[in-house]
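All remarks here apply to the structure that follows.
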Protein chains: 2
Amino acid sequence: MRPTSFDVAERAGVSQSTVSRALRNSPGVNAETRARVSAAARELGYVVDRHASSLRLKSSETIALVTICRPGEDRSAINPFYFALLGSIAAATSARGFNLLVSFQESEANFRADFVASGLADAMIVIGTTSNRAAWDYFADAQAAGFDFTCWGSPGDPFHWMRSDNDIGGRLAAEHLVARGRRILAFVGPQRSPQRQFDERRDGFIAALEARGITPLIAEPPAGPDRHAQGVAAARELLAAHPDIDGIFAASDMLALGVLQGIKETGRSVPGDVALIGFDGIRAGTLADPALTTLEPDLDAAGEALVAMALEDADHSRSGTRIPVRLAVRGTA
Amino acid sequence: MRPTSFDVAERAGVSQSTVSRALRNSPGVNAETRARVSAAARELGYVVDRHASSLRLKSSETIALVTICRPGEDRSAINPFYFALLGSIAAATSARGFNLLVSFQESEANFRADFVASGLADAMIVIGTTSNRAAWDYFADAQAAGFDFTCWGSPGDPFHWMRSDNDIGGRLAAEHLVARGRRILAFVGPQRSPQRQFDERRDGFIAALEARGITPLIAEPPAGPDRHAQGVAAARELLAAHPDIDGIFAASDMLALGVLQGIKETGRSVPGDVALIGFDGIRAGTLADPALTTLEPDLDAAGEALVAMALEDADHSRSGTRIPVRLAVRGTA
DNA sequence: CTGAAAGCGCTTACAG
DNA sequence: CTGAAAGCGCTTACAG
């Protein structure tokens with residue numbers, strides 16, 4: 001049986017309350033007593049029971065992170081951007097001494113928003129694909145029912161969200177392509193996606209180009225099993241219809257990686273014939289040939305800001321905050 | 001204030017014990033009573049407090065997953081194989097109705113093995129890089145001190161582990177390269193790594209080739225910041241010393257992706273001049289140009305087996321189990 | 001500085 | 001089938 005604080009107390013020759021105080025570093029415990037308690041705890045292999053402790057304290061010091069997946073999606077096929085964001089949220093969580101509970105959700109079978117209500121977590125963060133309509137409907141209902149959380153991206157209202165600075169990202173992409181001498185430009189991205197971030201990227205791109213008298217083509221990728229496949233098909237279609245395109249901005253890196261493959265398949269060179277910029281800064285972009293030029297959100301800042309907003313910001317005054325992005329110039333543009 | 005089972009009891013006009021029984025679906029509760037309790041709970045937005053429940057039950061229905069990182073490593077740079085494995089462990093965990101607590105650990109500052117001892121989890125799984133010597137020393141000590149867990153990979157003794165069927169993987173790689181007419185073959189992989197899996201892959205590869213009278217070159221990648229960089233450098237060195245090599249088996253996909261880049265940089269074509277096979281089946285391999293041929297462990301099986309071993313197998317009789325791998329033939333071989 | 005006691009919100013053996 | 005009560009292992013107000 002696991003030892004309790006009573007066992008430690010007996011061994012140290014003090015009361016159980018003193019054990020608790022000593023181990024929590026409460027003020028007003030004799031240094032010698034504290035040392036004796038610590039020694040006894042160590043000898044017995046005692047570890048405080050977190051359930052008892054959390055029950056008393058009414059705080060679990062843990063964050064719940066929900067990642068929304070595409071229905072039927074293999075977990076290993078989740079967009080790597082979300083794994084990277086998960087990693088930075090984990091770092092921010094751990095820096096506070098908090099635990100991280102993760103939950104991948106995709107359908108009615110496993111939708112859950114009660115991590116805070118059950119006391120399991122002190123706050124909840126929701127990230128993942130906005131393409132899962134049922135999931136976001138579920139979370140909208142949950143929020144209306146009083147389950148509170150903070151989102152990355154999200155379809156916008158009624159959620160409390162945080163996003164990349166997509167407008168600036170789109171503008172940076174436009175300016176870079178123009179500076180590289182490109183004039184026949186296209187944006188490739190979903191047009192009727194609930195993911196507002198795609199629209200923001202597109203609109204920043206368009207705005208910066210129009211200021212230079214350029215009107216980009218806007219290409220909606222054909223339906224496909226995933227963003228990469230959509231990108232391949234989009235590049236084929238686009239270059240068939242407009243063979244003289246010399247620069248493309250794709251709404252996300254996975255899409256851009258597909259576009260890259262699609263361009264190469266037409267026999268064109270990148271960036272020689274067509275320059276290409278993505279968005280997200282995923283690791284796989286650095287492995288492409290040539291390496292993908294992209295807009296890279298500051299993920300450390302994103303993780304930290306999401307955790308801070310979830311934990312410390314009950315009125316969500318940070319909602320709508322933007323995470324800075326930088327242009328990572330690599331091989332494709 | 002969050003409602004408790006006493007609030008529900010009052011509203012439903014029953015005792016608190018009846019609320020608990022009704023909500024846990026205990027046998028011997030009148031159907032009509034159960035319905036009244038459920039309704040009251042719903043109306044109040046009541047959710048069972050997991051800390052109180054776990055404290056009573058002495059079980060938290062959660063798995064703790066520790067991922068060991070390289071010291072100083074950016075969380076977004078973690079080998080995608082481990083993120084994929086995390087995803088499949090999450091799926092297996094969720095299929096049992098369990099929660100998943102994740103912890104990325106890299107140095108003394110955040111090493112922790114007490115998730116089970118504190119009651120936070122019912123079992124612990126450890127995955128991640130074997131290159132972090134300090135971490136594995138820590139977990140070896142923890143195990144000796146009675147903290148129990150199950151590992152993926154691991155440096156071997158004294159851990160309870162589960163791995164890919166690396167021997168078969170190495171043999172499949174050998175047979176495929178030979179079937180493709182390749183005769184001057186090399187294995188690229190760390191030679192003094194605590195990661196026993198690399199040695200197993202190499203030895204299976206060598207054994208299958210020797211049966212055909214071929215002796216492969218064994219190349220240790222030069223030191224580098226990550227596996228990809230090591231792969232690039234290894235390919236350069238290897239092809240400079242042995243320009244006639246026509247087939248390479250790399251110990252992991254990240255290494256293989258580096259090797260791919262290194263080969264191309266020498267002006268050789270893949271698979272025309274040099275065929276290449278990796279190991280792990282990471283998503284980024286499918287995005288390479290050409291797509292990486294690789295040995296793909298059955299990750300769903302791995303996640304399920306790890307969770308089963310951690311949870312149901314106190315004597316670790318499954319330790320040493322092998323996860324099947326299949327050859328995914330894509331573009332590089 | 002330390003101890004005895006109450007209480008966090010459940011689950012379940014016991015009694016009816 | 002249902003209720004009153006004990007107890008899971010802590011933390012901390014209260015008293016000394």
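Numbered from 1 within each chain, the chains take letters A, B, ... in sequence-line order.
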Is any side-chain nitrogen or oxygen of B:K58 closer than 4.0 Å to OP1 or OP2 of C:dT11?
no
In whole angstroms, the gap separating C1' of D:dT2 from CZ of B:R36 amounts to 11 Å
For B:W136, does the six-membered ring have the charged nitrogen or CZ of B:R133 within the cation-pi criterion, i.e. under 6.0 angstrom from the centroid and within 45° of the normal?
no
For the residue pair B:R96 and B:E312, establish whether any side-chain heavy-atom pair is separated by less than 4.5 Å.
yes
Find the distance A:N25:CG to D:dT11:P and express it as a whole number of Å.
12 Å
I need the NE2-C1' distance between B:H51 and D:dT11, as an integer number of Å.
15 Å
Any base atoms under 4.0 Å from B:S26, or only sugar-phosphate, or nothing? Heavy atoms, all strands.
nothing
Considering every strand and a 4.0 Å limit on heavy-atom distances, what is the contact class for A:T4: base, sugar-phosphate, or nothing?
sugar-phosphate
Would you indicate which nucleotide in C:dG9, C:dG3, D:dC10 comes nearest to any side-chain atom of A:Q16?
D:dC10
Whole angstrom is fine here: how far is it from CG in A:L44 over to P in D:dG9?
14 Å
Students often get this wrong, so: under 4.0 angstrom with heavy atoms, is B:T33 touching a base, only sugar-phosphate, or nothing?
sugar-phosphate
Across all strands shown, which nucleotide pairs with D:dG16 by Watson-Crick or G-U wobble geometry, both distances under 3.5 Å?
C:dC1
Hey, does the side chain of A:S15 come within less than 4.0 Å of C:dG3's phosphate (OP1/OP2), counting only N and O?
yes
Using a strict threshold of under 4.0 Å (side-chain N to carboxylate O), is an ion pair present between A:R70 and A:E106?
no
Rounded to the nearest angstrom, tell me the gap between atom CD in A:E10 and atom P in C:dT2.
18 Å
Base of C:dG3, side chain of A:R21 - is there a donor-acceptor contact under 3.5 Å?
yes
Calculate the interatomic distance between B:D49 atom CG and C:dG9 atom C1'; express it in whole Å.
6 Å
Any side-chain heavy-atom pair from B:V66 and B:I127 closer than 4.5 angstrom?
no
So what does B:R24 hit on the nucleic acid, given a heavy-atom distance under 4.0 Å: a base, only sugar-phosphate, or nothing?
sugar-phosphate
Below 6.0 angstrom between ring centroids: does that apply to A:Y82 and A:W152?
no
With nearest nucleotide decided by heavy atoms, which residue, A:V29 or B:L55, maps closer to the 5′ end of DNA chain C?
A:V29
Between C1' on D:dA13 and CG on A:L57, what's the gap in Å once rounded to a whole number?
14 Å
What is the nucleic acid contact for B:S5, judged by heavy atoms within less than 4.0 Å: base, sugar-phosphate only, or nothing?
sugar-phosphate
Where the side chain of B:S17 is defined as all heavy atoms beyond and including C-beta, which of D:dG3, C:dT11, D:dT11 is the nearest nucleotide?
D:dG3
If you look at every strand shown and take non-hydrogen atoms under 4.0 Å, does B:S20 touch a base, only sugar-phosphate, or nothing?
base
D:dC10 and D:dC14: how far apart are their P atoms, nearest whole angstrom?
23 Å
Quick check: on DNA chain D, is the nucleotide nearest B:G28 upstream (toward 5') of the one nearest A:V48, or the reverse? Name the residue that is more 5'.
B:G28
So, is A:T18 close to the C:dG3 phosphate, meaning a side-chain N or O under 4.0 Å from OP1 or OP2?
yes
Picking from C:dC10, C:dG3, C:dC1, the nucleotide nearest the side-chain atoms of B:Y46 would be C:dC10
If we take the P atom in both D:dT2 and D:dA6, what is their distance in whole Å?
23 Å
4.5 Å side-chain heavy-atom contact, B:S164 and B:Q197
yes
Would you say the side chain of B:R56 and the base of D:dG9 hold a donor-acceptor pair, judged only by whether the two atoms sit under 3.5 Å apart?
no
Check for me whether the distance between the ring centres of B:F139 and B:F149 falls short of 6.0 Å.
yes
Whole-Å distance separating the CZ atom of B:F6 from the C1' atom of C:dC10:
8 Å
